[in-house]
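Residue numbers start at 1 and run along the sequence shown. These figures come from a predicted structure and were not determined experimentally.
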Amino acid sequence: MLKQEAKQRIEKLKKEINHHRYLYHVLDKQEISEAALDSLKHELYKLEQQYPEFITPDSPTQRVGGQPLKEFKKVEHKIRMLSLQDVFDEQEIEDWQKRIKKLIPNEKLDYYAEVKMDGLAVSLIYKKGIFFQGSTRGNGIIGEDITQNLKVIEAIPLKLETENFFKEMKKNLPEEIEIRGEVFMSKKSFGELNKIQKKNNQPLFANPRNAAAGSLRQLDSKIVLSRKLDFYAYDLVADLSQKTHQESHQLAKLLGVKVNPESRYCRDLTDVAEYYRYIGKIRQNLPYLTDGIVVNVNNIFLFKKLGIVGKAPRAAVAFKYPAEQATTIVEDIIIQIGRTGALTPVAILEPVKVAGSTVSRATLHNEDEINRLGIKIGDSVIVQKAGDVIPDIVKVLLNLRTGKEKKFKFPSQCPVCGSAVIRKKGEVAHYCANKNCFAQNKENLYHFVSKSAFDIKHLGPKIIDKLLENGLIEDAADIFKLKRGDLEPIERFAEKSAVNLIEAINQSGKISLARLIYALGIRHIGEETAIDLADYFGSLEKIKNAGEEELKSVQSVGEVMAKSIYEWFRDKKNSRLLDKLSREIEIENIKVKKLKLKGKIFVLTGNLQSMTREEAKNKIRDLGGEISSSAGKNTDFAVAGAEPGSKYEKAERLGVKIIGEKEFLDILK
Ligand code: IVH
């Protein structure tokens, strides 16, 4: 390709890639697959490597790159970044309206309401339509320059859609414009991040906001990239002749900036209240956390006229949902025995309403947590409910102590079977040493019939308790032997429910291998690992006979899991259960996937465009391949991305086959 042709191709590729970014992030549309888009990015990258003189700061290849920073520079905001005043109910928002109406008595007010995202405020400066500088709010006057970190967030355009603007508005964009908005982490990315943190023995993030904040504070933008942050704009600090806040949002969208589609125009406070209730209802299902809505006076002239009190504009408020915390009293602390025999202390609380539901117990996790909180029976405490998770106690209100509180002593014997309680080295939990403990058995049965396991309808914990009490079942296999006549004598077991239950049991007798493995309740083996084990071995017999080393070659199985599986199958009681079960149920074995990279050893060096290092490793492992940290004689492939390191030279010296990203992607296909 001639230089001139390359230049044109680069321009076209940049435009095309940017167009698809705009479609995906701003308009929520997808015209080409991610793989096709990756391929375009890769072509652009290659061309730019060949002709570096054509690299521009708005090129999609410039999102990641550069050396880690030593520190963030300080940035002074041209216009102060304010915060918001909070209101908590309809009365308070009416009072707010009254206050502002007093200042502008002859004006009719309408509003623009938005979801209040739970993240961090950032400011983005664009010069001539190109992303120039991004910063944190800081103290509102001075923030930190986090341009490099913001560049990796695809929802933030590196170049504004200036042509769109020109077509629509028949004029050019001002030289400089500022966009403000919220960087946040979705609930899903937060869950994934904490999973990785846990796997790497790193501290967990308390919530998506902290995780987003911690990520933006990274000096190495490559780490930020792996954290999958998102962004929504909520304000345009530029005079583009817009008259209302709503128009600011429309203009931002026109310029290719992502705005929250849930925002809504409200004629009056009745509309606002309706919107508040609507978001309140759907917020559990929103992909990000929110604790309220933001209500803005829609008319920009009036917004400015209303001015500022303290650090907040008069013309906007945060209309918050009730705090998901409340205070109550600890009436007792009891011990629950889980399916693995772990003893979990639970606080019995004086019932209290938290975020719309009544809470009467909260987990205390383990003895260390009791000590950390310093909690005693009778204490006043703060309970918290976050989303669907089990309520937690966050703090003891020591000043409210009367002196009558009682210290809780962690039991040295299982409260159900009386056996000794042990605490294994390196673990925080205490366990009941008796494998036949009634409480464990019961919990195992609950797990066995649960949704992700055998999924037996009409057979919840209450019925299992009754079946156990009446001596109708002792273990999971007995469930499949139940007859209608067995159930009818049980108190309050109507004929119809007996028929339904027996029918449900009969229907669940056939099960996939993965579900069966999960249902067995082997310690440390969750749904995903059960699937990996089933895929790898194909039959229960093979898993049963596998040694620890072989078990470890399964994708998600590490040392601890391998040991746990191995020991589970060597336990006499478990063997008896399996024998009994095999007479009652039918297991759908599966064909073992052909692992095309089995036995192949890979070394990774440099940065790949289409995936992170971690993703590349997982893909190789998924196909049975192995990853080595340095090239050796046995290495089959060295995958070289951009800016490869010393591993590249070593691989070259040893004559290892070196492949580029495209070839690597072909191998994975
Ligand atoms: S407007 C005057 N709109 O909430 C400040 N803020 O409590 C302008 N926030 O610092 C804020 N979502 O970080 C606005 N849709 C939204 C928002 C939002 C989240 C944050 C923002 C701000 C804080 C104020």
Side-chain angles (χ1 to χ4, degrees), residues 34-35 37-39 41-42 44-46 48-49 60-69 148-149 151-154 185 188-203 205 211 214-229 528 532 553 555-558 595-597 600-632 634-652 654 656-669:
E34 218 169 293
L37 188 56
D38 282 344
S39 189
K41 285 183 192 164
H42 188 62
L44 175 63
Y45 171 74
K46 279 278 186 67
E48 286 181 341
Q49 291 295 303
T61 58
Q62 301 306 298
R63 286 198 181 268
V64 231
Q67 294 300 313
L69 303 174
Q148 203 50 47
N149 287 348
K151 270 190 174 178
V152 305
I153 304 173
E154 268 214 12
M185 189 179 281
K188 187 165 164 249
S189 301
F190 170 69
E192 285 166 2
L193 172 62
N194 261 355
K195 239 193 217 165
I196 297 173
Q197 292 286 106
K198 199 168 170 190
K199 213 164 116 192
N200 297 341
N201 258 333
Q202 299 279 1
F205 291 102
S215 304
L216 282 186
R217 235 178 276 126
Q218 296 291 328
L219 291 164
D220 184 353
S221 63
K222 286 185 194 112
I223 300 177
V224 190
L225 179 70
S226 70
R227 298 285 173 86
K228 299 210 194 97
L229 296 170
E528 261 177 62
D532 289 345
S553 36
Q555 152 90 357
S556 55
V557 178
L595 298 171
K596 66 185 238 184
L597 298 183
K600 297 275 183 263
I601 301 175
F602 286 75
V603 159
L604 300 172
T605 174
N607 299 315
L608 298 174
Q609 285 286 301
S610 56
M611 61 184 97
T612 62
R613 177 81 52 108
E614 211 41 48
E615 283 166 346
K617 284 184 181 173
N618 283 338
K619 288 200 168 149
I620 294 170
R621 289 195 188 113
D622 275 348
L623 294 170
E626 287 170 44
I627 291 106
S628 168
S629 55
S630 72
N634 297 334
T635 311
D636 294 285
F637 298 103
V639 182
E643 295 172 39
S646 62
K647 288 186 212 168
Y648 183 94
E649 284 136 38
K650 189 163 177 209
E652 211 169 28
L654 292 170
V656 173
K657 188 172 165 56
I658 297 175
I659 56 171
E661 181 156 359
K662 189 166 175 306
E663 250 180 292
F664 176 56
L665 292 175
D666 285 343
I667 289 182
L668 296 180
K669 264 184 213 153

- prompt: Between Ile667 and Ile620, does a side-chain contact (heavy atoms from CB on, under 4.5 Å) hold up when you go through it step by step?
  reply: CA-CA 9 Å; Ile667 289 182; Ile620 294 170; over 6 Å; no
message: The test is side-chain contact (heavy atoms from CB on, under 4.5 Å); show your working for Leu604 and Arg613 and say whether it passes.
response: CA-CA 8 Å; Leu604 300 172; Arg613 177 81 52 108; 3.8 Å; yes
- request: Go through Leu665 and His42 one step at a time and tell me if the side-chain contact (heavy atoms from CB on, under 4.5 Å) criterion holds.
  value: CA-CA 11 Å; Leu665 292 175; His42 188 62; over 6 Å; no
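Within the 4.5 Å cutoff, the side chain of Lys41 has no heavy atoms near those of the Ser610 side chain. Contact of the Lys657 side chain with the Glu663 side chain is registered, since non-hydrogen atoms from C-beta on lie closer than 4.5 Å. When side chains are defined from C-beta on, Val224 counts as touching Leu229, because their heavy atoms get closer than 4.5 Å. With contacts defined as side-chain heavy-atom distances shorter than 4.5 Å, the pair Val64/Asn607 does not qualify. Using a 4.5 Å heavy-atom threshold, the side chains of Lys195 and Phe190 count as separate. With contacts defined as side-chain heavy-atom distances shorter than 4.5 Å, the pair Tyr648/Val603 does not qualify. Here the side chains of Ser215 and Met185 are in contact, with some heavy-atom distance below 4.5 Å.
Remark: the backbone N or O of Ile153 is paired with a side-chain donor or acceptor of Arg63 at under 3.5 angstrom. Of the possible donor and acceptor atoms, none in the side chain of Glu626 sits under 3.5 Å from a partner among the backbone N and O of Phe602. Using a distance-only test at 3.5 Å, with no hydrogens or angles considered, a donor-acceptor pair links the side chain of Asn149 to the main chain of Gln218. The main-chain N or O of Ile601 is found under 3.5 Å from a side-chain atom of Asp636 such that the two form a donor-acceptor pair. Using modelled atom types, one side-chain atom of Ser628 and one backbone atom of Ser630 make a donor-acceptor pair closer than 3.5 Å. Thr605 places a side-chain N or O within donor-acceptor distance of the main-chain N or O of Gly645, the cut-off being under 3.5 Å.
Rounding to the nearest 0.5 Å gives a distance of 13.5 Å between NZ of Lys669 and CG of Leu623. Here CG of Asp220 is found 4.5 Å from CD1 of Ile223. Values are rounded to the nearest 0.5 Å. In this structure, NZ on Lys188 lies 13.0 Å from CG on Leu193, to the nearest 0.5 angstrom.
Contact check on Glu154 versus Lys228 returns no salt bridge, with no Lys/Arg side-chain nitrogen under 4.0 Å from an Asp/Glu carboxylate oxygen.
Nearest heavy atoms, Val656 versus Phe637: CG1-C, 4.0 Å. Scanning all heavy atoms of the two residues, the minimum distance from Gln609 to Thr61 falls at OE1-CG2, 4.4 Å. Taking both residues in full, the closest heavy atoms of Leu597 and Leu668 are given as CD1-CD2, 4.4 Å, listed atom of the first, atom of the second, then distance. When all heavy atoms of Val152 and Ser221 are compared, the closest pair comes out as CG1-O, 3.8 Å. For Leu44 against Pro60, the heavy-atom pair with the smallest separation is CD2-CD, 3.8 Å. Residues Glu643 and Tyr45 share a closest heavy-atom pair of N-OH, 4.5 Å.
The local environment of CG in Asn634 is sparse, with at most 12 non-hydrogen atoms from other residues, nucleotides or ligands closer than 6.0 Å. Atom CZ of Arg621 sits in a crowded spot, with more than 12 heavy atoms from other residues, nucleotides or ligands closer than 6.0 Å. Counting non-hydrogen atoms of neighbouring residues, nucleotides and ligands closer than 6.0 angstrom, the CD atom of Glu192 exceeds 12 such neighbours.
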